[in-house]
Amino acid sequence: MISERRHAILGLIIEHYLRTGEPIGSKTLCQLLPYSISSATIRNEMAYLTQLGFLEQRHTSGGRVPSKASYRYYVDNIMHEKPISKYETDKINEALSVNSGDPERLLADACKLLEEYSHCAAFCATLEDPYDCIQGVDLIPAGNQKAMLVMLTVGSKIKSSLINMPCALDEDFRKKFYEVSAKFLTGTPLTNVNLALIQSAVGVAGERIFDMLPALSSLCALCNEASHSKLTLEGETNLLSHSELGSDLYKILGLLTEKKQLMELSKSFANSNSKQLLLIGDENPIYEMKNTSTVIAKYNYEGGQKAVLGVIGSMRIDYESILPRINYIINTVDTLLSKKGA
């Protein structure tokens with residue numbers, strides 16, 4: 001721990017830089033401190049804080065600015081979170097309640113809220129579960145020889161597709177379709193649903209297999225989609241206003257567009273012992289994100305289902321205001337998913 005005076009000086013330097021992006025001089029610090037102290041003493045304290053690694057001087061003639069280490073110290077020891085208003089909590093609760101019964105849509109809604117309240121980039125990753133199975137399949141008439149195919153998995157993934165049918169969905173057809181579903185599809189792992197499985201249903205479906213092919217082929221596609229990890233991004237363009245990212249901005253935008261490294265980070269974190277982390281600067285394992293502040297949280301629900309929510313911004317974000325709102329959204333999603341898995 002540093003002394004109380006250095007603690008106060010460092011806090012003022014960081015808070016000024018977070019607001020303005022500019023270094024603060026010793027004379028201004030003299031006026032802001034609640035006790036009398038000379039400019040020379042402050043300069044000595046700033047020099048000491050620089051030796052400790054909390055401040056850095058980017059240009060010989062320029063003032064000192066916070067280092068990556070100082071942001072961590074600020075969040076852990078100085079920052080006072082700004083309370084979230086009832087209006088904000090009500091608005092967030094209302095937005096998240098719309099799709100609270102559908103985990104994937106709930107997480108996607110949360111991703112949009114994180115982007116909105118943080119003014120950063122936000123991401124959501126739903127991760128594959130090799131043991132997830134089909135819980136039920138339904139075929140709903142949609143008029144003009146169209147039907148809506150709806151599939152629900154044990155892990156609460158809901159997938160649907162509008163398909164053209166070569167026949168009417170009469171009682172005989174629906175009876176045969178549900179017979180095939182019960183025998184060959186319900187309880188089958190998503191990764192095992194393929195054309196070979198459909199061919200084995202010929203014995204039950206008989207000649208009606210040809211009428212069922214559009215629906216069964218579409219089901220194969222839905223199972224394939226549901227069996228893979230999915231990464232959703234929101235608010236990438238918000239990073240354009242984070243001028244302090246400098247030339248790193250293009251590397252970060254490229255990383256977000258390519259998605260591979262961010263997905264690997266999500267998978268690695270989902271399998272770690274941590275539930276939520278704030279990664280500042282070099283704490284981030286991805287090289288291109290070494291000048292960012294990244295919040296990442298994981299969820300386990302419906303047995304083996306795993307998902308991750310995250311926010312990416314510069315290190316000069318308004319931590320006092322942003323972090324409480326991020327945490328509220330993350331915790332609300334956790335509560336809703338816990339109810340879903342109960």
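Heavy-atom basis, side chains included; hydrogens, waters and symmetry copies ignored. Just so you know, these numbers come straight off a predicted model, no measurement behind them.
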Ile14/Met79 under side chain to side chain contact (heavy atoms under 4.5 Å, CB included): CA gap, chis, key distance, verdict: CA-CA 10 Å; Ile14 295 173; Met79 178 189 76; over 6 Å; no

Side-chain heavy atoms of Thr153 within contact of Gln135, under 4.5 Å: no

Beyond-backbone contact of Glu88 with Tyr117, side-chain heavy atoms, under 4.5 angstrom: yes

Sidechain-backbone polar pair: Lys290 side chain, Asn284 backbone, donor-acceptor under 3.5 Å: yes

Charged N-O contact under 4.0 Å between Lys91 and Glu116: yes

Whether over 12 other heavy atoms sit under 6.0 Å from Tyr48 OH: no

Cys120 backbone acceptor or donor facing Asn238 side chain under 3.5 Å: yes

Co-membership, hydrophobic cluster, residues Leu114 and Ile312, 4.5 Å side-chain: no

Minimal non-hydrogen separation, Ile330 against Tyr299, with atom names: O-OH, 2.9 Å

Check: Asn331 main-chain N/O paired with Thr335 side-chain donor or acceptor under 3.5 Å: yes

Option passing salt bridge (charged side-chain N to carboxylate O under 4.0 Å, His left out) with Asp170 (candidates Lys176, Lys175, Arg208): Arg208

Contact summary for Thr186 and Ala182, nearest pair of heavy atoms: OG1-CA, 4.0 Å

Distance-minimising heavy-atom pair for Arg174 and Leu139: NH1-O, 2.8 Å

Any side-chain heavy-atom pair of Leu127 and Lys267 under 4.5 Å: yes

Backbone of Ser118 reached by a side-chain donor or acceptor of Arg325 within 3.5 Å: no

Geometric class of the Tyr319/Tyr71 ring pair [parallel <30°, tilted 30-60°, perpendicular >60°]: tilted

Shortest non-hydrogen separation from Ala226 to Leu190 and the atoms involved: CB-CD1, 3.7 Å

Donor-acceptor contact below 3.5 Å, side chain Asp211 vs main chain Cys167: no

Leu12-Leu18 co-clustered via ILVMFWY side chain contacts under 4.5 Å: yes

Whether over 12 other heavy atoms sit under 6.0 Å from Tyr87 OH: no

Taking every non-hydrogen atom, the tightest pair across Ser38 and Cys30: C-SG, 3.8 Å

Donor + acceptor pair across side chains of Lys306, Asn300 (<3.5 Å): no

N/O donor-acceptor pair under 3.5 Å between Lys259 side chain and Leu231 backbone: yes

Glu225 versus Lys159, closest heavy-atom pair with distance: OE2-NZ, 3.3 Å

Backbone N/O of Val308 and side chain of Lys298: donor-acceptor pair under 3.5 Å: no

Whether over 12 other heavy atoms sit under 6.0 Å from Lys112 NZ: no

Exam field: side chain Ser217 to backbone Pro214, donor-acceptor pair closer than 3.5 Å: no

Chi angles and distances behind the side chain to side chain contact (heavy atoms under 4.5 Å, CB included) call for Asp248, Glu288: CA-CA 7 Å; Asp248 288 333; Glu288 289 84 352; over 6 Å; no

Working for side chain to side chain contact (heavy atoms under 4.5 Å, CB included), residues Glu302 and Val154: CA-CA 8 Å; Glu302 294 292 336; Val154 172; 6.0 Å; no

Over 12 non-hydrogen atoms of neighbours within 6.0 angstrom of NZ in Lys183: no

Polar contact flag, side-chain donor to acceptor under 3.5 angstrom, Glu244-Asn291: no

Distance-only donor-acceptor check, side chains Tyr301 and Asp334, under 3.5 Å: no

Short N-O contact, Lys157 and Asp129, less than 4.0 angstrom: no

Side chain proximity check, Val333 to Leu336, heavy atoms < 4.5 angstrom: no

Neighbour count above 12 (heavy atom, 6.0 Å) for Glu171 CD: no

Ile2 and Asn77, any side-chain heavy atoms less than 4.5 Å apart: no

Verdict with reasoning, Ile280 to Met315, per side chain to side chain contact (heavy atoms under 4.5 Å, CB included): CA-CA 7 Å; Ile280 300 176; Met315 289 186 291; 4.1 Å; yes

Heavy atoms of other groups near Asn271 CG, more than 12 under 6.0 Å: yes

Polar side-chain atom of Ser160 near backbone of Val150 as donor-acceptor pair, under 3.5 Å: no

Linked, directly or transitively: Leu29 and Tyr74 (ILVMFWY side chains, under 4.5 Å): yes

Backbone of Leu185 reached by a side-chain donor or acceptor of Thr188 within 3.5 Å: yes

